[in-house]
Amino acid sequence: MGKTIVLDHPLIQHKLTLIRDKNTGAKEFRELVEELSMLLAYEVTRDLPLQDVEIETPVCKATTKALSGKKIGVVPILRAGLGMVEGILKLIPAAKVGHVGVYRDPETLQPVEYFCKLPTDIAERDLILVDPMLATGGSAIASVKFLKDRGAQNIKLVCLVAAPEGIEAVQKAHPDVDIFVAAVDERLNDHGYIVPGLGDAGDRLFGTK
């Protein structure tokens with residue numbers, strides 16, 4: 001069964017409170033989501049492999065550590081996931097970016113794919129699948145399946161806020177996928193929104209209704 005890792009660093013929790021606040025406007029919301037994504041990526045990449053390299057410091061030669069060249073891919077679930085990409089790329093600028101477009105049918109609450117474009121070497125990359133909200137889990141489950149169908153081997157799901165129902169659904173459907181979140185909230189309401197949540201992340205990022 002995949003692990004669920006709640007990242008409770010004080011900076012993460014403080015910025016999460018700010019994006020939950022309904023009075024936080026779109027500009028600040030976007031900036032905070034980017035900052036949160038960078039902080040989450042710091043933890044998500046903790047197990048990246050290292051190798052010894054020899055360099056010369058201003059004092060002497062030294063053997064130190066550097067990334068071993070493991071390929072990374074960042075895949076936002078459109079459209080809200082776009083808000084998390086830049087923060088991660090600031091830490092991992094060499095990562096390639098794919099996109100998965102999924103929307104939730106308002107009647108059935110089931111995911112519908114409308115777009116998928118990924119790096120050609122997806123099977124060789126550790127993928128970071130990002131979406132601010134993990135609610136019912138439908139979009140995340142479908143997106144992971146789309147990635148696996150195209151050859152993905154190693155996927156981590158990174159969200160800002162998750163509902164227990166969504167976590168359970170993803171773990172059941174994809175037990176090999178670890179989930180990284182800033183907070184696990186109380187529940188879903190009758191409309192499939194996370195409570196207390198932060199509203200519709202896409203609308204708040206892009207100033208739409």
Side-chain angles (χ1 to χ4, degrees), residues 1-6 33 36-37 40-41 44 71-85 87-88 95-185 187-195 197-206 208:
M1 182 65 71
K3 302 187 296 292
T4 297
I5 299 94
V6 179
V33 168
L36 273 166
S37 302
L40 290 171
V44 170
K71 295 181 177 179
I72 304 294
V74 182
V75 182
I77 300 176
L78 302 177
R79 63 186 169 131
L82 289 171
M84 299 179 66
V85 173
I88 297 173
K96 287 189 176 180
V97 180
H99 297 86
V100 176
V102 182
Y103 70 88
R104 187 171 62 175
D105 186 292
E107 299 299 324
T108 65
L109 301 183
Q110 294 303 305
V112 180
E113 177 189 3
Y114 65 89
F115 185 79
C116 189
K117 190 169 182 66
L118 303 167
T120 54
D121 58 353
I122 185 173
E124 303 169 22
R125 293 183 179 272
D126 285 355
L127 298 183
I128 303 172
L129 180 65
V130 297
D131 195 352
M133 315 290 287
L134 177 56
T136 64
S139 295
I141 290 168
S143 297
V144 171
K145 182 179 185 302
F146 301 152
L147 296 179
K148 288 181 175 179
D149 287 348
R150 290 162 173 84
Q153 305 288 324
N154 190 331
I155 304 167
K156 293 177 180 177
L157 175 62
V158 182
C159 306
L160 302 183
V161 176
E165 296 93 331
I167 290 174
E168 183 179 355
V170 171
Q171 288 180 332
K172 183 177 179 181
H174 299 290
D176 56 332
V177 173
D178 290 339
I179 304 169
F180 294 80
V181 297
V184 178
D185 280 13
R187 58 184 172 85
L188 293 177
N189 64 16
D190 294 340
H191 299 289
Y193 277 84
I194 301 173
V195 178
L198 47 85
D200 186 299
D203 285 343
R204 296 192 66 188
L205 277 164
F206 302 114
T208 55

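Only this structure's heavy atoms are used, side chains among them; waters, hydrogens and symmetry mates stay out.
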How long is the span from the [atom1] atom in [X] to the [atom2] atom in [Y], to the nearest 0.5 Å?
X	Y	atom1	atom2	value
Cys159	Leu36	SG	CG	12.5 Å
Ile128	Met84	CD1	CE	9.5 Å
Glu168	Ile179	CD	CD1	10.5 Å
Leu157	His174	CG	NE2	9.5 Å
Leu147	Ile122	CG	CD1	5.0 Å
Phe146	Glu113	CZ	CD	4.0 Å

If you look at every heavy atom in [X] and [Y], which pair is closest and at what distance?
X	Y	result
Ser37	Ile88	O-CG1, 3.9 Å
Ala80	Asp131	CB-OD1, 4.0 Å
Asp185	Val195	CB-O, 3.4 Å
Lys96	Pro119	CB-CG, 3.8 Å
Ser139	Ile77	O-CD1, 4.2 Å
Gly2	Gln171	O-NE2, 3.2 Å

Salt-bridge test for Arg204 and Asp200: reply yes if a basic N is under 4.0 Å from a carboxylate O, no otherwise.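 No, Arg204 and Asp200 are not salt-bridged.
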Sidechain N-carboxylate O distance under 4.0 Å for Asp178, Lys3: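 Counted as a salt bridge, because a side-chain N and a carboxylate O are separated by less than 4.0 Å.
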Could you work out, with side chain to side chain donor-acceptor pair (under 3.5 Å) as the rule, every residue matching Asp176, not counting sequence neighbours?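 For Asp176 the side chain to side chain donor-acceptor pair (under 3.5 Å) partners, ignoring immediate neighbours, are Lys148.
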When you compare the side chain of [Y] with that of [X], does any pair of heavy atoms fall below 4.5 Å?
X	Y	value
Arg79	Asp203	yes
Val170	Val144	no
Pro76	His99	yes

